[in-house]
Amino acid sequence: MALVNCPECGKSNVSDTAVSCPECGFAIKEYFDKVKAEEQRISNEKTMKRIKEKEEQRKKDTAEKRQKETIFQLETQIEKSSKEIRNSAIGLIITLPLTIMCWCLSSHGSLGVFIILFGIASFASIIFLISGIQEKNTAISDLEIAKRNIEDYEKNLDKRLKVIAAQGQAQVA
């Protein structure tokens, strides 16, 4: 209970819980109940706004953290793919001439085992080279998307994983 001035006639020392002003009959309790309710509503709105802002900031911070981690992982994957491409190219550069050399020097199939071994090694090098190039290109594309918008990257990744899962289920059936 507080003593206030009547908002209608200005009489002082009127209780804010009085049903009406003793001088003019103004509904003081109803008026101050509305004022208090409005103040409470405004306070609640401010509190909800602060909570919403904190939640949005938390989401933004989380997205930025996920983005940094994803970018780091993709850059690491690109480096790994580059090494795989380099190693496969070196393997191909070594095994392909050896295969051709064994083929040319072989008389009556005397180097047949070497031809087969070097041929398989050359074939494997080609497969690893192609696989590495595809993996690197995918990682570069993903990196560009992740740098622009992490949510878009995550959606694309989910789509890709669903396609892979569907292909796996189709092969089992």
Side-chain angles (χ1 to χ4, degrees), residues 34-173:
K34 287 179 182 178
V35 168
K36 288 177 186 174
E38 181 63 17
E39 288 173 351
Q40 185 63 44
R41 184 190 66 76
I42 291 170
S43 174
N44 289 346
E45 285 179 0
K46 287 179 181 179
T47 301
M48 291 305 294
K49 184 178 177 182
R50 282 193 304 273
I51 290 171
K52 189 175 181 180
E53 287 171 352
K54 285 181 181 178
E55 180 63 21
E56 288 174 3
Q57 184 62 44
R58 186 192 64 77
K59 286 181 180 179
K60 182 180 175 186
D61 292 345
T62 302
E64 286 175 359
K65 182 180 177 186
R66 285 191 337 263
Q67 186 176 32
K68 287 179 183 177
E69 290 173 356
T70 301
I71 288 171
F72 176 77
Q73 290 172 348
L74 289 170
E75 287 173 342
T76 303
Q77 185 176 354
I78 290 169
E79 287 180 32
K80 179 183 165 224
S81 297
S82 295
K83 289 177 183 176
E84 183 178 320
I85 291 168
R86 183 192 69 226
N87 293 341
S88 298
I90 290 170
L92 186 59
I93 289 169
I94 292 170
T95 59
L96 192 57
L98 287 173
T99 304
I100 295 169
M101 189 172 68
C102 287
W103 181 272
C104 291
L105 295 176
S106 177
S107 60
H108 309 301
S110 61
L111 297 174
V113 172
F114 291 109
I115 295 171
I116 292 171
L117 290 176
F118 289 135
I120 291 171
S122 297
F123 182 74
S125 294
I126 292 170
I127 297 298
F128 287 127
L129 183 65
I130 292 169
S131 171
I133 291 170
Q134 288 175 336
E135 186 178 309
K136 182 176 179 179
N137 288 341
T138 300
I140 289 170
S141 173
D142 287 348
L143 180 62
E144 290 171 1
I145 294 169
K147 283 182 176 179
R148 273 186 274 131
N149 187 327
I150 190 66
E151 285 83 13
D152 289 346
Y153 165 76
E154 290 169 343
K155 287 177 187 174
N156 285 346
L157 185 61
D158 285 342
K159 286 179 186 176
R160 236 184 293 155
L161 292 174
K162 287 178 183 177
V163 168
I164 291 170
Q167 289 173 345
Q169 290 175 351
Q171 288 177 353
V172 171

Task: Exercise: identify the closest heavy-atom pair between Ala139 and Ile78 - done: CB-CG1, 3.5 Å

Task: side-chain hydrogen bond (donor to acceptor under 3.5 Å, both in side chains): pairs with one or both residues in residues 142-159, sequence neighbours excluded - done: Arg66-Glu154, Asp142-Arg160

TODO: For residues Pro97 and Leu92, report the shortest heavy-atom separation together with the two atoms involved.
DONE: CD-O, 3.8 Å

Task: 4.5 Å side-chain heavy-atom contact, Thr76 and Lys80 - done: no

Open item on the list: Working to the nearest 0.5 angstrom, can you tell me the gap between Ile90 CD1 and Ser125 OG?
Closed with: 10.5 Å

Task: Ser43 side chain to Glu39 backbone, donor-acceptor under 3.5 Å - done: no

Open item on the list: With rounding to the nearest 0.5 angstrom, report the NZ to CZ distance, Lys46 to Arg41.
Closed with: 10.5 Å

TODO: Look up atom CD1 in Ile116 and atom SG in Cys102, then write down how far apart they are to the nearest 0.5 Å.
DONE: 11.0 Å

Task: Under 3.5 Å donor-acceptor, Ser88 side chain and Glu84 backbone - done: yes

Task: Set of salt bridge (charged side-chain N to carboxylate O under 4.0 Å, His left out) partners for Glu53, sequence neighbours left out - done: none

Open item on the list: Can you tell me which residue among Arg58, Gln57, Lys59 is in a side-chain hydrogen bond (donor to acceptor under 3.5 Å, both in side chains) with Asp61?
Closed with: Gln57

- [ ] Nearest 0.5 Å please: distance from the CD1 atom of Ile164 over to the NZ atom of Lys162.
- [x] 13.0 Å

TODO: Please answer whether the main-chain N or O of Thr95 pairs with a side-chain N or O of Thr99 as donor and acceptor at a distance below 3.5 Å.
DONE: yes

TODO: Calculate, to the nearest 0.5 Å, the distance between atoms CZ and CE belonging to Arg50 and Met48 respectively.
DONE: 11.0 Å

- [ ] Please report the closest heavy-atom contact between Ile115 and Ser106, naming both atoms and the distance.
- [x] CD1-CB, 4.0 Å

Task: Nearest-0.5 Å distance that lies between atom OG in Ser82 and atom CD in Glu79 - done: 7.5 Å

TODO: Determine whether Leu74 and Gln77 make a side-chain contact, defined as any pair of heavy atoms from C-beta on separated by less than 4.5 Å.
DONE: yes

Task: Presence of salt bridge, Glu56 and Lys60, under 4.0 angstrom - done: no

- [ ] List in chain and number order the residues that pass side chain to side chain contact (heavy atoms under 4.5 Å, CB included) with Glu69, two or more places apart in sequence or in another chain; answer none if no residue qualifies.
- [x] Lys65

Task: Nearest heavy-atom neighbours spanning Gly132 and Ser81 - done: O-CB, 3.8 Å

